[in-house]
Every structure is written in structure tokens, then in C-alpha cells.
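Down below is the structure, laid out as C-alpha cells.
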Amino acid sequence: MHDPTTIEAKWQAWWEANRTNEPDLDGAARPYYNLMMFPYPSAEGLHVGNLYAFTGADFHGRFRRLRGHDVFQPIGFDAFGIHSENYALKVDIHPMELIPRSIANFTRQLRRSGIMYDWSRTVTTTDPEYYRWTQWIFLQLHRAGLAVKKEAPVNWCPSCKTVLANEQVEGGRCERCTAEVGQRLLSQWFFRITEYAERLLANLDWIDWSSSTLTAQRNWIGRSEGALIRFALAGEGDGAAGVEAAGGAEGAGDSEVAEQADGTNPAIEVFTTRPDTLFGATFMVLAPEHPLVEALTTEDRRAEVEAYRTAAAAIDLVERRKTEERTKTGVFTGGHAVNPATGERIPVWIADYVLMEYGTGAIMAVPAHDQRDFEFARQFGLEIRPVVAPPEVVAAAADPAAVDLELGDAAFVAHAAGEQLVNSGAFSGLHAEEGGERIVAWLGERGLAEPQVNFRLHDWCISRQRYWGPPIPILYCDACGTVPVPEEDLPVVLPHLERFKPGDDGVAPLAKDASFYEAACPSCGGAARRETDVSDTFLDSAWYFLRYPSTDFDDRPVDPGRTRRWLPVDMYIGGEEHAVLHLLYSRFITMVLHDLGHLPFEEPYERFRKHGLIIREGAKMSKTKGNVVNPDEYIDRYGADAFRTYLMFLGPYQEGGDFRDSGIAGPQRFLSRTADAVRAAVATGATGFPDPDVERAVHATIRQVTGDFETLSFNTAIAALMELLNALRAGGRVPTVDEVRPLVVMLGPIAPHLADELWEELGGTPSLFEHARWPEHDPAKLRTDEVELPVQVNGKLRATVSVPRGATEEAAREAALAREGVQRHVADGEVVKVVYLPDRLLNFVVR
RNA sequence: GCGAAAGUGGCGGAACCGGUAGACGCGCCAGCCUUAGGAGCUGGUGGCCGCAAGGCCGUGGGGGUUCGAGUCCCCCCUUUCGCACCA
């Protein structure tokens, strides 16, 4: 049993003294930027989940390095944000004191893990020299018109009188005082990421990412094609429940509608993906906070409408999104609008199932063909009128303009498989999809509709009414208005506030520090007030990878030369939990900086691979369950090499796996036996490949392991090396140094300390990672003269026979039939067919 | 509800284009060695029948395609994750 502690300390010191892990950023010939998601340095220390992620990325980086690349593998700390702030509040230690401690602890843990970090180029987001450039990025977006101020709702605890982050709301209640949480409108800064929605979506077609991550991004962006349709408001008495429009396209454009579309009377605009169902729109629904509600509401309905709006506003943002089991609620406003297709007066309701944030905040309700509208109509007894039907129903009807379609308990939503329009005037009988286009075109002539694309992606709210973040670099001046802080005045330093708790009065912590917010207007020199919100942590992490190669430049965020050489990132490995927000935001920021001329590329990560989640004995790790793995304990006990090997062996890296204490014994034995075998080989000094079977095993393993590393299949790579070791030691044989050398090199990415030690013992110049090359397999060495041919009868395996490579079918048959087990089954009937795949398989088909 | 992924021994997991299911490891069993220690070494280990040779069954369930299906197609069940009334 070898003692890992000594050699791990030895090699860590060696690597550091010789700057083994610090590539020459200006001279590297084959730069390879291997990025991993930098951690949030929690006070509890490094989590095994972090280490799992980093270890896999390190396997990849070290592999690339042994393949001849100059690998840059930096690390940093994402240290701003609500987690740190809340923890600091809990333990009552100021974050400016707590964070450096946590970072020191993380650094200690990471340094002993054997990961090939370049410690000379770290990035910490809370460092003013870093967030100076975070603020600079804000200013670039502001100047480009991509940072704007808008009103937006936040979670609001009426008892604590404070803004709450979504994480602080539990079951609709404040996690601290359990009061019911509501919403409040605040003026906040937004980045207009929606301007980039189309490009962010389009580029997903060519970047090389894990497919599930691409799907998640596509869904999040949520592009839908449809139409914007305008429904004129109907006056109190006019617009009889007319049906004349049902006569057809010509008749439908009644003068009243045309008149009202000219702007004298505001129309209700809706977005729909189903313009084909317009003739079935029997009512409308607005979001409770829709601006037209006021105007639409009739006197007799006012009290009820107001009550509903107030109640809706009191539901917090988190709860409102939880929709299961909620029955539809809503209130009639008393107002009406005109269906532009039928000319009918239809009632306008408000309901909280319509969201102000999506589309126009208003919908045309087609209960026959939308499940939500259907439920709402059933709830309130509104008309349900089918306008789309399956072709067989249409075929059976005398007139497609007057079809009676029976709906059961659900709306009929199909429309893309040949369904046809019915009860839709002149459009009746058309296929639904074509009908929809024709209806939009027809209304378009009157300015009542136009094709439109909508995204579910929202603009990115970056304002946080908290303390622990970079101040937003904006000033408000009575004379000059909103004034950006001049770039030369950056950073706007976050002051050391003793009392940084979110205010009892709802204002941001920085708004209580006059020495912070009182400033001179950079434009007129008069009194101005600083923005007191800080920015979202996601902004810090949206560009950290751009900074790593340029950390030694203090006069620019990114150095053009370094950036050209190292970026975009060659490989980014990280958790799927960041599949959407972090990855999308960093793509957006990169795209904007590209457009503004600061970067020569618009996609930051050429390849992204997600890693899986690690669980503990079948259950998620959590502090409350007490099943959290502390890496320190395991490294103390088994060494970093064995721990790394086990982490990557316990399951497929991209799917995650189950951590079991007992499992670590296997990898530990494997490393120990490898050391024994190598040392035995060195002791005898025998060279060459005396045994062709062993030589073949060496080459087969090289091929297998190389392929596995390419696809991040680390578990099978380790298994293949274990197999090789078993072959080298089979029957108590002692391997030669030549047999063992490729094993040691391939062990490099897995157990770097031991591999470097054994490399040295084999007579190599340290470090392995500087002087060894990944072995290549020789295809000629894989060939055998004899092959084991599986023989089947009717697809069932009956024997395997040894035949010469490339044997003819006759020869193979003869060899197979010579076997009694085959003969017996073949003799049962007549051989009607023989399937022969040379060197692979022989199958007799017997009837 | 929508989206994504996955169901294989006692356990973690292998299996490239359909072609010897269970590699590798844990655990377990037997043996060896030993100052019995949770060390090391050797061999065995899917289930059932059989002294054996060998046979039958077997990749969540049910159908199908094929000489041949863990792998492809259809239906169903279960689990995990993400989104959550997106019009």
C-alpha cells in the first residue's frame, strides 16, 4: 500500500515551484482554454459537487495537455450576491471580512485536490479591480441604449417592509416573519436582452453544446410565431351582437370596426399563435394590471374589478407562477370589444391567468380551442364556439360554415394535421394553418392584424435593492437627469457599511449612506445622487472568463492580443443548473461587446458540456439530511488521487452518479497495484514487449482510453486501465517498463501525483505533463491471426469457434458444424439460410 | 400540463453501426498468507434445473419489425430533472 500523502505534497510543491501549470499566455503555440464554472465561495467550504465538476474538467484539461496543447485552466471566485450576504447576516460577520476567509479556505481545498489551476491568474468578483470593469460593461450597454430604467414588480414583505429575493419567499410567505408577501412596483434597471433574442436563438444552431442545454436555451427564449390582432373597444350601446360578418370576407369589415381602428378609440391588442381560431373568440381577457382596465370598467362593475385587482397584486411573484390545482378566477369589467372577424360585441374580463409580462397582457379567448380559455368559459358560463374540426367531421357536414362540433371536457387544440376551419365565414373549409394566414392577411388590409413573433424571454432586470454587489454606476442630477459615471471615475467602490441589512423602509442599504450617494454631477458639477441599487450577481459572472487571460492589465478589461490568442473558450464544462441564466447572460454580454467592437467573436463558448449531479447513496446531498461529503476528510484518508479517480469512476460524468463510501476502495487498490506493478517492472529492468497478447492489450487500451477521453467517458477510461493492469499482472507476471509506460502516461489526467511520481521512477524527466506525450496505438498491433467467432442457431448463441482471420464462409461453417452443440441444434431441421459476417458472427437459420 | 433524460445482477455501472448482455468496480463466497488487521494475494459470483455435459429464463410491462433486439417502431407504466397559466 503506497502512501499518497507524501507524494502528493511533493508534486504539488514541485508543480508550484516550476510553474508547471502556468502556460505562457503570449507565446503559447497551441492555446487551449479549458474553463470551468467558478464557484461561489461559501463559508461551509468546498462541496463535493464543486469538486466533481472541477475534477472532470481537469481530466479533460490534462488530457488535452498531454496531447500537445498549451492548456490554460484558471479559477476564480463568484463572491458577490445574496447567498454571501444572507450568510453574513446570519453569522453576523461582515461580508468584507467573511469572504476573504471563505476564499482562503476554498483555495486551500482546491490546491490539495490536484487540479491543474493556474493560480497566477485568479479573478474575484468582489475585488474593486474586477468590478470596476463590471461597471464599465454596464456603461457600455447604457451608452448603446441597452440599459434602460423601467418599473417592475418585486416581492415585498409588508411586515418587514423590505424587498425579498425569490429565494426568501417560502410558500407565499416571508421566510423571516411569515407575513404574506405581495408585490410592489419599483423603478429598476434592465438590460434589453430581448433585442438579441433572435440572434441568441439562431446561434444555437451552430455552437457545439450538450443537446439538453441547447434545448433548455431554446425553450427559455421561447420564440413563437403568430399575429398581433386589434380588437376595437365597443361603446356602451353600439355594435349590436351582429352576425352579418359571418357571411364572408367582404361583409366582415364593417364600417364601425374600420372607424375605430384609426386611433380615436384605443383598441385592445392581443398576440395569438392561433389566428385561425379568430371566429371562435367569444370573449377577451386582460391581465388585472392592464392599463386599459380602467377605461373599460363600467360603473356598476367598478367595485368588484378593483377588489380583484387589489387581490391579484397581493399575490407574490413566486406563488403566482405556481399554477397547479388553481381554478380559474376572474371578473367581468362590464366593457366590450368588437371581434374584428365577426363584428360581434364580446365581453372583456380580467383574470390573473393572463400575464402582463407576456405578449400584450391581453388575450382573445377561444374557449373551444384553448384549454385555459375553455376552463374559464366553463367556470363563468361563457359561449364556447368551435371553429376548427377534424376533416372527417367537416366531410360529413353539409356546410362547413355551419358545423356542430361536440366538445367533451377539453378544448380541441389540434390544428396542424389537416384540421379544417368551420363556422368561420368565407374561410370555412380551409386547412387551419392556411386559414390562419389568410385571416391575418385579410385583417391586415384594414390595419387590424399583422404577423408577429413573440418571445417568452424577458428583459434582464439587473437592479438589486441589496448591499453585497457592485454599485450601478449612475448618478441622478436635478439639472442633467440620469448621468452615467465617467469611465475614468470607475470603480464606484462599495463602501464598508456596518448596517447593510435591507432597509426596514424599503430602500436599498446604500441609500442610507449619505457619504456614498451624495456626489457631484460629472456633467454640471451640481449636487447629484448616486444610484443606490447594486447589480445582479449574474452580471459579475457573465464576463469573468473574458478577464482571466488579461488579469495583468489594469487599464483595460480585456487585452486584444491575449483575447485573440485565447478566446473564445475552447471547452466549458459546468452544471446544467446554469443551462439557462448564466449561459444565456454571458452569451448576451459577449454578443453586445462584440457589436461594440470590444471582442472579435460573438459566442463565448465554442463547446459546452454539462456534467451530471452527484448524489449520496441514492439521495440528494443536503445539510439537513447530514449526508454531505466533505472532500477534506476523504483526501486526508485516501489521498487526492484516489478521491479523484473514484469521483470519475462512480458513473458517467455527463450523467452524474451515486457516491458510496465503500466504492472508493476499488480505485484506491487500483492505484496501489499500479504503483506496485510499475516498481516491480523498474526493479527487473526488463524492456520490450515479450508477450504479443499483452502488447495487443496495451494498444487496445490506448485506443479505448483515448476515445473515452474525447467523449468525457472517464468511467470507462478508468475501467479500461484497470483491465490493462489486470492483464499486465495476470498469473503473477511482472510487466516490463515498456509495457507499463503507456499506462503511467494515461494515468496522468486521472491520478496526476502518482503518475508524475511513477514517471520519474521510470526515468522520465519531470514533469510528466511537460515531457510525456499521450501514447498512440498502432492498428497493426491490434490484429490477431485467429478470431473467436460466435456461432448462433436461429439467433441463439450455441458456441464460439476459433477460426483464422478472414476465414471463408465454408471454412467457418465447417468449424462450427464440427461442434457438437451446434450440430445438435442444426440437425433438428433444415438449414434455410446462413448469415455470415466474416470475423464477427455466423448464424444458421433452421426451419 | 409542457419540455428533457432515464429504467440492465445484491449495489454503482458496461455494451461502437441491431450481432457472444452483465466489461470494470463494490459487496458476497471459498481458499492462501498472517504478530486475525476494516491489510494483501488467488479463484468464484445474473436466476432456475442438472453430478456433469448441457438446457431453460433473463435488460420496467405489452405488441411489432428482423436470421438476430438492451439497442429500431407503436402503446403503456415508473423515476429524476427543468419550466411552470407564455395565449
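Computation of the quantities below employed the complete heavy-atom set of this structure, encompassing side-chain atoms and omitting hydrogens, waters and symmetry-equivalent molecules. Lettering of chains follows the sequences in order, A, B, ..., and the numbering in each one begins at 1. If you're wondering where the values come from, they're calculated on a predicted model, not measured in any experiment.
B:C17 has its base syn relative to the sugar, with a glycosidic angle deviating from 0 by at most 90°. B:G13 shows a glycosidic angle more than 90° from 0 and is accordingly assigned anti.
Not one side-chain nitrogen or oxygen of A:Asn794 sits closer than 4.0 Å to the OP1 or OP2 atom of B:G68. Residue A:Lys796 places at least one side-chain N or O closer than 4.0 Å to OP1 or OP2 of B:C57. Of the side-chain N and O atoms in A:His369, none sit less than 4.0 angstrom from OP1 or OP2 of B:A87. Proximity of A:Arg660 to the phosphate of B:C11: no side-chain N or O atom is located under 4.0 Å from OP1 or OP2. Phosphate contact (OP1/OP2 of B:G55, side-chain N/O of A:Arg798, threshold under 4.0 Å): present. Taking side-chain N and O atoms only, A:Arg456 has no distance below 4.0 Å to OP1 or OP2 of B:C85. Distances shorter than 4.0 Å separate none of the side-chain N or O atoms of A:Arg824 from OP1 or OP2 on B:A53. Taking side-chain N and O atoms only, A:Arg840 has no distance below 4.0 Å to OP1 or OP2 of B:G18.
To the nearest whole angstrom, the two P atoms, one in B:A21 and one in B:U71, are 14 Å apart. If you take atom P in B:G70 and the same atom in B:G22, they sit 12 Å apart, rounded to whole Å. A distance of about 24 Å separates the P atoms of B:G31 and B:C24, rounded to the whole Å. Nucleotides B:C72 and B:U80, compared at atom P, are 24 Å apart to the nearest Å. The same atom, P, is picked in B:C75 and in B:A4; the two are 15 Å apart, to the nearest Å. B:C77 and B:C28 are spaced 40 Å apart, taking the P atom of each and rounding to whole Å. Rounded to a whole angstrom, the distance from the C1' atom of B:A52 to that of B:G61 is 37 Å. Taking the C1' atom of each, B:G43 and B:C76 are spaced 45 Å apart, rounded to whole Å.
The interatomic distance linking A:Arg669 (CZ) with B:A39 (P) rounds to 7 Å, in whole Å. Spacing between atom CG of A:Leu613 and atom C1' of B:A5 amounts to 12 Å, rounded to whole angstrom units. Nucleotide B:A52 holds its P atom 17 Å from the CD atom of A:Glu820, rounded to whole Å. At whole-Å resolution of the value, CG in A:Asn219 and P in B:A5 are 11 Å apart. In this structure, A:Ile614 places its CD1 atom 11 Å from C1' of B:G12, rounding to the nearest Å. Between the CZ atom of A:Phe649 and the C1' atom of B:G13 there is a distance of 8 Å, rounded to whole Å. Remark: P of B:G25 and CG of A:Leu671 are 13 Å apart, rounded to the nearest angstrom. Taking atom CG on A:Asp661 and atom P on B:C26, their separation rounds to 15 Å, with Å as the unit.
At a threshold of 4.5 Å between non-hydrogen side-chain atoms, the residues A:Ser713 and A:Met648 do not count as touching.
Side-chain proximity of A:Asn843 to the nucleotides B:C57, B:G68, B:G12 is greatest for B:G68. The side chain of A:Ser212 lies closest to B:A4, out of B:C24, B:A4, B:A87. Comparing atom distances between the A:Thr716 side chain and each of B:C67, B:A14, B:C26 picks out B:A14 as nearest. The A:Lys328 side chain lies nearest to B:C85 when the options are B:C85, B:G3, B:A87. Taking the side chain of A:Val845 as heavy atoms from C-beta on, and the options B:C41, B:C67, B:U20, the nearest nucleotide is B:C67. The side chain of A:Ser224 has B:A87 as its nearest neighbour among B:A15, B:A39, B:A87. Considering only side-chain atoms of A:Arg637, the nucleotide from B:C24, B:A87, B:G38 that sits closest is B:G38. When each of B:G12, B:A14, B:C83 is scored by its nearest atom to the side-chain atoms of A:Asp658, the top-ranked nucleotide is B:G12. Checking B:C26, B:G38, B:C67 against the side-chain heavy atoms of A:Ala665 singles out B:C26 as nearest. Listed nucleotides: B:G25, B:G12, B:C56. Nearest to the side chain of A:Asn726: B:G25.
Judged purely by distance below 3.5 Å, without hydrogens or angles, the side chains of A:Thr784 and A:Arg805 pair a donor atom with an acceptor atom. Side-chain contact annotation: A:Glu225 with A:Thr273, donor-acceptor N/O pair under 3.5 Å absent. Side-chain contact annotation: A:Thr329 with A:Tyr353, donor-acceptor N/O pair under 3.5 Å absent. Looking at A:Ser224 and A:Asn454, their side chains never bring a donor and an acceptor atom within 3.5 Å of each other.
With the nearest nucleotide of RNA chain B identified for both A:Ser662 and A:Gly656, A:Gly656 has the one nearer the 5' end. The 5' end of RNA chain B is approached more closely, in terms of each residue's nearest nucleotide, by A:Ser211 than by the other of A:Ser211 and A:Gly666.
Here A:Asn454 lies out of heavy-atom contact (under 4.0 Å) with every strand. At the heavy-atom level, A:His825 lies under 4.0 Å from the strands shown only through sugar-phosphate atoms. The residue A:Leu841 sits close to a base: some heavy atom pair falls under 4.0 Å. No engagement by A:Arg703 is indicated, since no non-hydrogen atom pair under 4.0 Å with the nucleic acid exists.
Applying the ring pair (Phe, Tyr, Trp, His ring centres under 6.0 Å) test between A:Phe643 and each of A:Tyr634, A:Tyr638, A:Phe649 identifies A:Tyr634 as the sole match.
Pair check for B:U20 finds none; no Watson-Crick or G-U wobble contact set falls under 3.5 Å. The partner of B:G58 cannot be assigned: no Watson-Crick or G-U wobble pair with both contacts below 3.5 Å exists in any strand. The pairing partner recorded for B:G27 is B:U45, the criterion being a Watson-Crick or G-U wobble arrangement whose two distances lie under 3.5 angstrom. Nucleotide B:C32 forms a Watson-Crick or G-U wobble pair with B:G40, both donor-acceptor distances falling under 3.5 Å. The pairing partner recorded for B:G68 is none, the criterion being a Watson-Crick or G-U wobble arrangement whose two distances lie under 3.5 angstrom. With a cut-off of 3.5 Å on both pairing distances, the Watson-Crick or G-U wobble partner of B:G3 is B:C81. B:A15 is unpaired under the criterion used here, namely a Watson-Crick or G-U wobble arrangement in which both key atom distances are under 3.5 Å.
For the atom pair A:Gln704 CD and A:Glu723 CD, the distance stands at 8.0 Å (nearest 0.5 Å). Interatomic distance, CG of A:Leu457 versus CG of A:Leu200, reported as 7.5 Å (0.5 Å rounding).
In terms of polar N and O atoms assigned as donor or acceptor, the side chain of A:Gln792 comes within less than 3.5 Å of the base of B:G19 in a complementary pairing.
Using a cut-off of 4.0 Å between Lys/Arg side-chain N and Asp/Glu carboxylate O, A:Arg309 and A:Asp352 are scored as not salt-bridged. Taking 4.0 Å as the cut-off between side-chain N and carboxylate O, A:Lys328 and A:Asp373 do not count as a salt-bridged pair.
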